S.K.: 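Before I ask anything, here is the structure I am working with.
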Amino acid sequence: EVTITNGNVESFQLTVDINDGWNIASIPGLHPANQNIDSWWSGRDQTAGVYKFEDGYQAVTSVEPGTGYWMKHTGSLTYNTGEEWSTEGIITMPHIPIVVNTGWNLIGGYESPFPTENIFSIPPDIISAPVYGYDGGYGEADTLMPGFGYWVKASASGLLMIDTSCTNTPPQSLNKSNRQTELFKEEWSKIIITDAAGQNYTLYSVTTQENLNRYELPPPPPAEIFDIRYSSGKIAEDLSSLQSIEMSGVVYPVKIKVENMQVKITDAYNSEIERELKPGEELIIHYNQINKLIVQ
C-alpha cells in the first residue's frame with residue numbers, strides 16, 4: 001500500500017516477519033527518523049553486531065537500501081508500520097541500480113516482491129549462480145522479498161536492475177532456463193544433518209557429469225551462525241573420492257542421515273567416528289568438538 005504523505009514524498013506500509021536468531025535483513029526504503037540499526041530493528045540482539053559484506057564482513061551502525069545485512073534478533077517478531085515502525089510509513093526510494101562486484105554480493109530489494117528471474121544486469125548475463133536467501137540455512141530464492149537480504153554471485157562488476165515497475169521480463173533478464181528450475185533432482189543421494197535445536201540442512205552427492213560450479217554456496221556466515229557445507233564451499237559434490245563436510249553453529253547432539261546411497265563417515269581429527277551408513281540409517285554425534293567429517 002503506497003500513500004502520499006506531504007507534498008512529493010511517497011511512503012508505503014510494510015510487514016516483515018523476523019526470526020529468532022540470525023537473519024539476512026534489508027531496508028526497502030528510508031525510515032522517517034534515521035537509518036540507524038536500532039531504529040530499524042528495535043528487537044535486535046544488542047550483544048551482536050550487524051554486518052554487511054564487502055571484501056569480508058564489516059560491522060555497521062546505519063543501513064541503506066540495496067544492501068543485505070546479517071542481523072541477530074532476540075525472539076521472533078513481526079515488524080509493522082504503525083507499531084514497531086512509524087505510522088508515517090517507510091519512505092519510498094527510487095529504484096536505482098545496485099552496484100555489484102565480481103564474486104558474491106549481499107543485496108536487498110525495494111518495497112515490492114520482485115522475481116529473481118526478472119533481475120537484469122549491465123553488462124548482461126553476469127549473474128552466475130542461483131540467488132540465495134537464508135532461513136536457518138542457505139536456500140535458493142525465487143523472489144526478493146521486502147525487508148530481507150539475498151546473495152547474488154556476479155561473474156564481473158556491474159549493475160543489477162530491480163525495477164518493480166517492469167511488467168514484462170527485460171531482454172537481458174536472467175533466463176529461467178539458465179537457472180535450471182530443478183536445481184536439485186529428487187533421485188540424488190542426500191546427506192541430511194539435523195542438530196539438537198532442530199536446525200537441518202541437506203547436502204547432495206552427484207556425479208562428475210554435473211557442473212559442480214553451479215552448486216557453490218555463498219560465503220559462510222559470521223562466526224557461530226548455523227552453516228553446513230562441503231569444504232569446497234558447495235552444497236553438492238562427487239563422493240566417489242574423499243570429501244569433507246564442515247559444520248558451524250550447530251547444537252549437539254547432531255544427527256547424520258543418508259538417503260539413496262551407502263557412505264563411509266569418519267571424523268577429521270580424533271578418529272572418534274568410523275561408520276558405514278546404508279540408505280536410511282542414522283549416526284548421532286554427541287562429542288561437540290567434532291565439526292568436520294570425512295565422507296566417501
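All of these numbers come straight from a predicted model, not from anything done at the bench. The basis for the numbers below is simple: all heavy atoms, side chains too, and nothing from hydrogens, waters or symmetry mates.
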S.K.: Which pair of non-hydrogen atoms, one from Asn260 and one from Glu187, has the smallest distance, and what is that distance?
M.R.: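 Closest approach of Asn260 to Glu187: ND2-O, 3.6 Å.
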S.K.: Is it the case that the side chain of Asp267 and the backbone of Ile273 share a donor-acceptor pair, with hydrogens and angles ignored and the cut-off at 3.5 Å?
M.R.: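 A pair under 3.5 Å: yes.
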S.K.: If we only count heavy atoms from C-beta on, is the Thr67 to Ile107 side-chain gap below 4.5 Å?
M.R.: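 No - every pair of side-chain heavy atoms lies 4.5 Å or more apart.
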S.K.: Keeping Asn288 on the side-chain end and His286 on the backbone end, is there a donor-acceptor pair under 3.5 Å?
M.R.: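 Flag not set: sc Asn288 to bb His286 has no pair under 3.5 Å.
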S.K.: Might you work through the side chain to side chain contact (heavy atoms under 4.5 Å, CB included) test for Ile235 and Tyr138, ending with a clear yes or no?
M.R.: CA-CA 9 Å; Ile235 190 175; Tyr138 287 133; over 6 Å; no
S.K.: Measure the spacing between OH of Tyr252 and CG of Asp195 and express it to the nearest 0.5 Å.
M.R.: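 Output value for this atom pair is 9.0 Å.
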S.K.: Testing the 3.5 Å rule here: is there a donor-acceptor pair between the side chains of Thr116 and Asp142?
M.R.: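 No, because no side-chain N or O of Thr116 sits under 3.5 Å from a partner of the opposite role on Asp142.
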S.K.: Go through Tyr201 and Phe226 one step at a time and tell me if the side chain to side chain contact (heavy atoms under 4.5 Å, CB included) criterion holds.
M.R.: CA-CA 9 Å; Tyr201 205 63; Phe226 180 81; 4.2 Å; yes
S.K.: Could you give the distance from OG (Ser232) to CG (Leu217), rounded to the nearest 0.5 Å?
M.R.: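 Separation between the atoms: 8.5 Å.
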S.K.: Would you indicate whether Asp135, at its atom CG, is surrounded by more than 12 heavy atoms from other residues, nucleotides or ligands within a distance under 6.0 Å?
M.R.: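 Atom CG in Asp135 is not crowded, with 12 or fewer foreign heavy atoms closer than 6.0 Å.
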S.K.: Mind checking what makes side chain to side chain donor-acceptor pair (under 3.5 Å) contact with Tyr79, not counting sequence neighbours?
M.R.: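 Partners of Tyr79 by the side chain to side chain donor-acceptor pair (under 3.5 Å) criterion, ordered by chain and then number, come out as His73.
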S.K.: Considering non-hydrogen atoms only, spot the tightest contact between Gly249 and Gln199 and give its length.
M.R.: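 Looks like O-NE2, 3.7 Å.
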S.K.: Give a yes-or-no answer on whether the side chains of Ser189 and Ser205 include a donor-acceptor pair shorter than 3.5 Å.
M.R.: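 No - no donor-acceptor pair under 3.5 Å links their side chains.
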S.K.: Using distance alone, with no hydrogens and no angle criterion, decide if Gln46 and Asp38 have a side-chain donor and acceptor under 3.5 Å apart.
M.R.: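 Yes, because at least one side-chain N or O of Gln46 sits under 3.5 Å from a partner of the opposite role on Asp38.
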S.K.: Does Thr81 use its side chain to pair, donor to acceptor, with the backbone of Thr87 at less than 3.5 Å?
M.R.: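 No, Thr81 side chain to Thr87 backbone: no donor-acceptor pair under 3.5 Å.
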S.K.: Linking I/L/V/M/F/W/Y whenever any side-chain heavy atoms sit under 4.5 Å apart, do Tyr287 and Val295 land together?
M.R.: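 Looking at the clustering, Val295 is in the same group as Tyr287.
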S.K.: Is any side-chain heavy atom of Asn291 less than 4.5 Å from a side-chain heavy atom of Val250?
M.R.: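 With C-beta onward as the side chain, the pair stays apart.
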S.K.: Counting the benzene-type ring for Trp, do Tyr215 and Tyr204 have ring centres under 6.0 Å apart?
M.R.: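 Not under 6.0 Å, so no.
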S.K.: Hey, does Lys190 have a side-chain heavy atom less than 4.5 Å from the side chain of Met261?
M.R.: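 They are not in contact (no side-chain heavy atoms under 4.5 Å apart), so the answer is no.
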S.K.: Quick check on the hydrophobic clustering: are Ile193 and Ile294 connected, directly or via other members, by side-chain heavy-atom contacts under 4.5 Å?
M.R.: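 Shared cluster, no.
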S.K.: Around atom CD of Glu83, are there more than 12 heavy atoms of other residues, nucleotides or ligands at under 6.0 Å?
M.R.: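 Check passes, neighbour count above 12.
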S.K.: Using salt bridge (Lys or Arg N to Asp or Glu O under 4.0 Å) as the criterion, point out the one residue from Lys234, Arg229, Lys153 that pairs with Glu216.
M.R.: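 The residue from Lys234, Arg229, Lys153 that satisfies salt bridge (Lys or Arg N to Asp or Glu O under 4.0 Å) with Glu216 turns out to be Lys153.
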S.K.: Are the side chain of Ser11 and the backbone of Glu88 linked by a donor-acceptor contact shorter than 3.5 Å?
M.R.: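 Checked: pair present.
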S.K.: Strictly by modelled atom types, are Glu246 and Ser231 linked by a side-chain donor-acceptor pair under 3.5 Å?
M.R.: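 Short answer, yes.
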S.K.: Please lay out, stage by stage, how Thr92 and Glu111 fare under the test side chain to side chain contact (heavy atoms under 4.5 Å, CB included).
M.R.: CA-CA 7 Å; Thr92 306; Glu111 72 273 9; 3.9 Å; yes
S.K.: Carefully, step by step, assess Asp20 and Ser76 under the rule side-chain hydrogen bond (donor to acceptor under 3.5 Å, both in side chains).
M.R.: CA-CA 4 Å; Asp20 181 33; Ser76 300; 5.7 Å; no
S.K.: Looking at Leu160 and Ser121, what are the two nearest heavy atoms and their distance?
M.R.: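 Closest heavy-atom pair between Leu160 and Ser121: CD2-CB, 3.9 Å.
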S.K.: Please examine the side chains of Glu259 and Ile192, heavy atoms only from C-beta on, and report whether any two atoms are closer than 4.5 Å.
M.R.: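 Yes. Closest side-chain heavy atoms under 4.5 Å.
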S.K.: Report yes if the side chains of Ile24 and Trp151 come closer than 4.5 Å at any heavy-atom pair, otherwise no.
M.R.: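 The answer is yes; the side chains approach within 4.5 Å.
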S.K.: Under the criterion side chain to side chain contact (heavy atoms under 4.5 Å, CB included), which of Val254, Ile191, Ile285 is the partner of Leu293?
M.R.: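 Going through the options one by one, the only one that passes is Ile285.
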S.K.: How far apart are the closest heavy atoms of Leu14 and Pro146, and which atoms are they?
M.R.: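 For Leu14 and Pro146, the tightest heavy-atom pair comes out as CD1-CB, 3.8 Å.
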S.K.: Nearest 0.5 Å, please: how far is CD1 in Ile126 from CZ in Phe120?
M.R.: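 That separation rounds to 11.5 Å.
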S.K.: Do the ring centers of Tyr134 and Trp70 come within less than 6.0 Å of each other?
M.R.: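 Ring centroids of Tyr134 and Trp70 are less than 6.0 Å from each other.
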S.K.: Report yes if some heavy atom in the side chain of His95 is under 4.5 Å from a heavy atom in the side chain of Ile162; otherwise report no.
M.R.: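 Contact flag for His95/Ile162 side chains = no.
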S.K.: Out of curiosity, Ile127 CD1 to Ile119 CD1, how far, rounded to the nearest 0.5 Å?
M.R.: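 The CD1 atom of Ile119 is 5.0 Å from CD1 of Ile127, to the nearest 0.5 Å.
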S.K.: Can you tell me if Tyr69 uses its side chain to pair, donor with acceptor, with the backbone of Gly108 under 3.5 Å?
M.R.: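 Such a contact is absent between Tyr69 side chain and Gly108 backbone.
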S.K.: For the residue pair Asp17 and Thr78, confirm or rule out a side-chain donor-acceptor distance under 3.5 Å.
M.R.: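 Thr78 and Asp17 do have a side-chain donor-acceptor pair below 3.5 Å.
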S.K.: Is any side-chain heavy atom of Val206 closer than 4.5 Å to a side-chain heavy atom of Trp188?
M.R.: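 Yes, their side chains come closer than 4.5 Å.
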S.K.: Between the side chains of Lys52 and Glu54, is the shortest nitrogen-to-carboxylate-oxygen separation below 4.0 Å, so that they form an ion pair?
M.R.: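 Salt bridge between Glu54 and Lys52, a charged N being under 4.0 Å from a carboxylate O: yes.
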S.K.: I'd like to know if Ile98 and Ile96 are part of one continuous hydrophobic network [Ile/Leu/Val/Met/Phe/Trp/Tyr, side-chain heavy atoms within less than 4.5 Å].
M.R.: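 Per the 4.5 Å side-chain linkage, Ile96 and Ile98 are co-clustered.
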S.K.: Any heavy-atom pair between the side chains of Pro28 and Pro65 that's under 4.5 Å?
M.R.: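 Side-chain contact under 4.5 Å: no.
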S.K.: If you measure from CD on Gln243 to CG on Leu203, what distance do you get to the nearest 0.5 Å?
M.R.: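 Atom-to-atom, Gln243:CD and Leu203:CG are 11.0 Å apart.
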S.K.: How close do Tyr57 and Pro221 get, counting heavy atoms only, and between which atoms?
M.R.: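 The pair with the smallest heavy-atom distance is OH-CA, 3.6 Å.
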S.K.: Give me the atom names and distance for the closest heavy-atom approach of Asp45 to Thr74.
M.R.: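 Scanning both residues completely, I find the closest heavy atoms to be CA-OG1, 3.4 Å.
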S.K.: Verify the neighbour count for atom CG of Asn34: are there more than 12 heavy atoms of other residues, nucleotides or ligands below 6.0 Å?
M.R.: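 Count over threshold, so yes.
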S.K.: Applying the side-chain hydrogen bond (donor to acceptor under 3.5 Å, both in side chains) criterion to Gln262, which one of Lys278, Glu281, Glu276 satisfies it?
M.R.: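 Option passing the side-chain hydrogen bond (donor to acceptor under 3.5 Å, both in side chains) with Gln262: Glu276.
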S.K.: Ile27 vs Trp41, test: side chain to side chain contact (heavy atoms under 4.5 Å, CB included). Steps then yes/no.
M.R.: CA-CA 10 Å; Ile27 64 169; Trp41 304 301; 4.2 Å; yes
S.K.: Any salt bridge (Lys or Arg N to Asp or Glu O under 4.0 Å) pairs touching residues 247-256, not counting sequence neighbours?
M.R.: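 Matches after skipping sequence neighbours: Lys255-Glu282.
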S.K.: Measure the CE-OH distance between Met145 and Tyr150 for me, rounded to the nearest 0.5 Å.
M.R.: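 So the CE of Met145 and the OH of Tyr150 are separated by 6.5 Å.
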